[in-house]
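Read the structure below first, then the notes.
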Amino acid sequence: GNPGSNQRDGYLYVETSDPMAPGDSARFLTAPLATPGLVCVRFYYYLYGASLATARLSVYTLEGDVFDTAQAATIFSQSGDQGEVWYRAELDVPVSNANTRLVFEGVKGTGYQSDMAVDDLAVTSGPCQFPSSTASVRPTSVPLPSTPTTTTTSAPTPTPRPTPQP
């Protein structure tokens with residue numbers, strides 16, 4: 001089943017078992033965002049496992065179709081074991097032209113225990129509605145039913161969610 005906030009669809013999962021070697025990566029490119037200007041990018045992410053100290057989940061903006069780290073701008077990066085929970089990320093992202101894409105990249109750590117997943121990606125025009133306009137990334141806990149979302153400026157507070165099954 002889908003562990004993200006929308007139980008009807010799938011999610012992106014990075015498989016880190018053999019034959020994937022340490023340092024190998026998996027990437028997902030979105031369709032072009034089409035409208036220049038500021039957009040709000042929201043998604044849930046999951047990082048769990050003993051090998052995540054050297055693993056990484058990153059999000060980049062890319063102009064065009066070919067991923068090149070020299071041309072991509074990092075807008076989000078997280079590493080380390082975050083526990084068996086999902087977190088929500090909200091990012092204000094400037095889009096310079098109609099060919100701008102988002103790239104989600106999972107990089108394998110030293111071992112196979114590096115579960116990484118992304119769910120419920122949403123891109124909306126205009127800035128994210130943060131309580132304060134001083135932060136560009138605000139990881140937050142996943143709200144429970146009838147519980148308001150808590151926005152934090154420090155480490156996110158986990159909320160239990162089902163564990164992804166490969």
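The analysis underlying the following values was restricted to heavy atoms, covering all of them including side chains, and did not include hydrogens, waters or symmetry mates.
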Could you tell me if the side chain of [Y] sits less than 4.5 Å from the side chain of [X], heavy atoms only?
X	Y	value
T124	R42	yes
V93	L38	no
L52	M116	yes
V59	L91	no
D115	Y13	yes
Y11	Y44	no

query = Parallel, tilted or perpendicular: which fits the ring planes of Y46 and W86, with parallel below 30° and perpendicular above 60°?
reply =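 Tilted: the ring planes of Y46 and W86 meet at 30° to 60°.
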
Hey, what do you get for [atom1] ([X]) to [atom2] ([Y]), rounding to the nearest 0.5 Å?
X	Y	atom1	atom2	value
Y60	L29	OH	CG	11.5 Å
L47	Y87	CG	OH	9.0 Å
D18	Y112	CG	OH	10.0 Å
T16	D24	OG1	CG	10.5 Å
D92	I75	CG	CD1	10.0 Å

Side-chain donor or acceptor of [X] paired with backbone N/O of [Y] under 3.5 Å:
X	Y	answer
Q78	F76	no
T100	L33	no
Q82	S79	yes

ask   = Under the salt bridge (Lys or Arg N to Asp or Glu O under 4.0 Å) rule, what pairs show up with a residue in residues 71-83, not counting sequence neighbours?
value = none

ask   = Applying salt bridge (Lys or Arg N to Asp or Glu O under 4.0 Å), which residue pairs with at least one partner in residues 96-108 are found, sequence neighbours left out?
value =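 The answer is R27-E105, R56-E105, D65-R101.
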
message = Among residues at least two apart in sequence or on other chains, which ones pass side-chain contact (heavy atoms from CB on, under 4.5 Å) with N99?
response =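 In terms of side-chain contact (heavy atoms from CB on, under 4.5 Å), with neighbours along the sequence ignored, N99 is linked to N97.
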
inquiry  = If you compare all heavy atoms of A55 against all heavy atoms of G109, which two are closest, and at what distance to 0.1 Å?
reply    =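 Scanning both residues completely, I find the closest heavy atoms to be CB-N, 3.4 Å.
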
query = What heavy-atom pair brings P36 and A98 nearest, and what distance separates the two atoms?
reply = CG-N, 4.0 Å

Using the disulfide bond (SG atoms under 2.5 Å apart) rule, collect all pairs that involve [range], keeping only residues at least two apart or in two chains.
range	value
residues 65-124	none
residues 42-111	none
residues 57-103	none
residues 10-117	C40-C128

Checking [X] now: which residues fulfil side-chain hydrogen bond (donor to acceptor under 3.5 Å, both in side chains) with it, not counting sequence neighbours?
X	answer
T35	none
T54	none
T74	none

query = When you check the side-chain N and O atoms of Y45 and D119, is any donor under 3.5 Å from an acceptor?
reply =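 No - no donor-acceptor pair under 3.5 Å links their side chains.
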
ask   = Would V107 end up clustered with L12 when hydrophobic side chains under 4.5 Å apart are linked, directly or stepwise?
value = no

